[in-house]
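Encoded as structure tokens, the structure appears first; notes follow it.
These figures come from a predicted structure and were not determined experimentally.
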Amino acid sequence: MCWRIVCQRFFANGGFPLKLNIAVLQIDLAFGDPVQNLAKVKQKIQRLVEKNTKLDVVVLPELWNTAYDLTRLDEIADPEGQIVQQEIGTLAKEQNIHIVAGSIAKKTDQGIYNTLTVFDRNGEKVGEYSKLHLIRLMDEEKYLTPGQSMGLFELDGVPCAGLICYDIRFPEWVRKHILAGAQVLFVPAQWPLSRVKHWRSLLIARAIENQCYVVACNRIGHDPNNAFAGHSMIIDPWGEILAEAEREETSLVVEIDTEQVIEVRKKIPIFEDRRPELY
């Protein structure tokens with residue numbers, strides 16, 4: 001679905017909400033301790049909603065249930081995602097918010113996936129995406145099974161997409177979601193401090209070249225093998241940084257206006273000027 005179709009649907013339906021109040025939850029994680037991490041995430045979300053009563057969306061980082069304890073995933077991964085469905089889905093309904101629940105280690109009969117799950121205000125699962133590109137530099141391919149499908153979903157009628165961390169190094173994968181109609185790109189991550197310059201540059205580039213909002217939630221802290229960068233960011237369709245964290249536990253709260261996506265795409269009509277028949 002291209003952006004023209006999104007615009008047509010907007011006017012045909014009498015308009016969907018153009019603004020979303022989004023909170024990005026940048027936190028440290030306990031290595032290999034899903035119980036402790038779940039308790040922390042629930043507490044943080046509850047406090048966030050108490051302080052920001054008009055929130056629409058809360059975003060979590062990558063692999064927030066287990067952190068990067070890859071060698072023990074067979075023991076500690078969430079069976080079929082049942083725990084996140086019960087706990088985070090219920091929390092979304094109780095707090096009347098959408099939760100882009102970062103990603104979790106999800107154990108299935110086919111393997112263990114790094115899976116992003118999205119819950120709406122009713123606690124219903126409205127989106128799921130398993131990380132397509134596994135990063136060999138961090139041994140993901142040894143313990144995880146790659147996903148096979150796209151990460152499209154809607155929040156209050158706004159077309160969105162979810163990708164995970166390393167995926168942002170693949171612009172053709174990002175562009176596929178934008179051509180399918182996405183206006184807001186959510187990126188949960190555990191991006192290392194040693195490559196923080198890449199993190200910032202890639203996120204800004206993805207926003208500019210796709211004329212979309214980018215909402216990126218990275219973790220902070222350390223595990224036995226890595227130091228993590230933080231620097232969660234919310235970027236507008238011009239590539240302007242609306243909010244950026246440093247390397248401490250914090251939350252970013254920003255109201256985005258998806259009408260700006262349509263305006264930017266009209267001003268610089270890159271999707272009309274594409275020549276895919278020659279690519």
**OP:** List the steps and the verdict of side-chain hydrogen bond (donor to acceptor under 3.5 Å, both in side chains) for Asp167 and Tyr129.
**Re:** CA-CA 12 Å; Asp167 283 328; Tyr129 165 73; 2.7 Å; yes

With side chains defined as the heavy atoms from C-beta onward, is the minimum distance between [X] and [Y] less than 4.5 Å?
X      : Y      : value
Lys131 : Glu62  : yes
Val118 : Leu155 : yes
Glu249 : Lys40  : yes
Ile27  : Leu60  : no

Strictly distance-based, threshold 3.5 Å: is any side-chain N or O of [X] a donor or acceptor partner for the main-chain N or O of [Y]?
X      : Y      : result
Gln26  : Ser232 : yes
Thr258 : Leu18  : yes
Asn37  : Asn65  : yes
Tyr68  : Phe31  : no
Trp64  : Ala101 : yes
Glu141 : Leu134 : no
Trp199 : His231 : yes
Glu246 : Gly230 : no
Arg265 : Phe271 : no
Asp78  : Val84  : yes

Do you reckon [X] sits in the same ILVMFWY cluster as [Y], going by side-chain contacts under 4.5 Å, direct or chained?
X      : Y      : answer
Leu70  : Leu29  : no
Ile135 : Ile104 : no
Val253 : Ile45  : yes
Phe186 : Ile256 : yes
Val184 : Ile164 : yes

Subject >> Residue of the set Asp56, Asn122, Asp156, Asp120 for which side chain to side chain donor-acceptor pair (under 3.5 Å) holds with His98 >> reply: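 Single pass found, and it is Asp156.
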
What are the two closest heavy atoms between [X] and [Y], and how far apart are they?
X      : Y      : answer
Leu63  : Ala105 : CD2-N, 3.5 Å
Pro61  : Cys217 : N-SG, 3.5 Å
His222 : Ala227 : CD2-CB, 3.5 Å

**OP:** Give the C-alpha distance, both sets of side-chain angles, the deciding distance and a yes or no for salt bridge (charged side-chain N to carboxylate O under 4.0 Å, His left out) between Glu244 and Arg200.
**Re:** CA-CA 10 Å; Glu244 180 176 4; Arg200 299 184 76 257; 2.6 Å; yes

**OP:** Show the numbers, then the answer: is there a salt bridge (charged side-chain N to carboxylate O under 4.0 Å, His left out) between Lys106 and Glu128?
**Re:** CA-CA 11 Å; Lys106 177 182 175 181; Glu128 186 172 83; 3.1 Å; yes

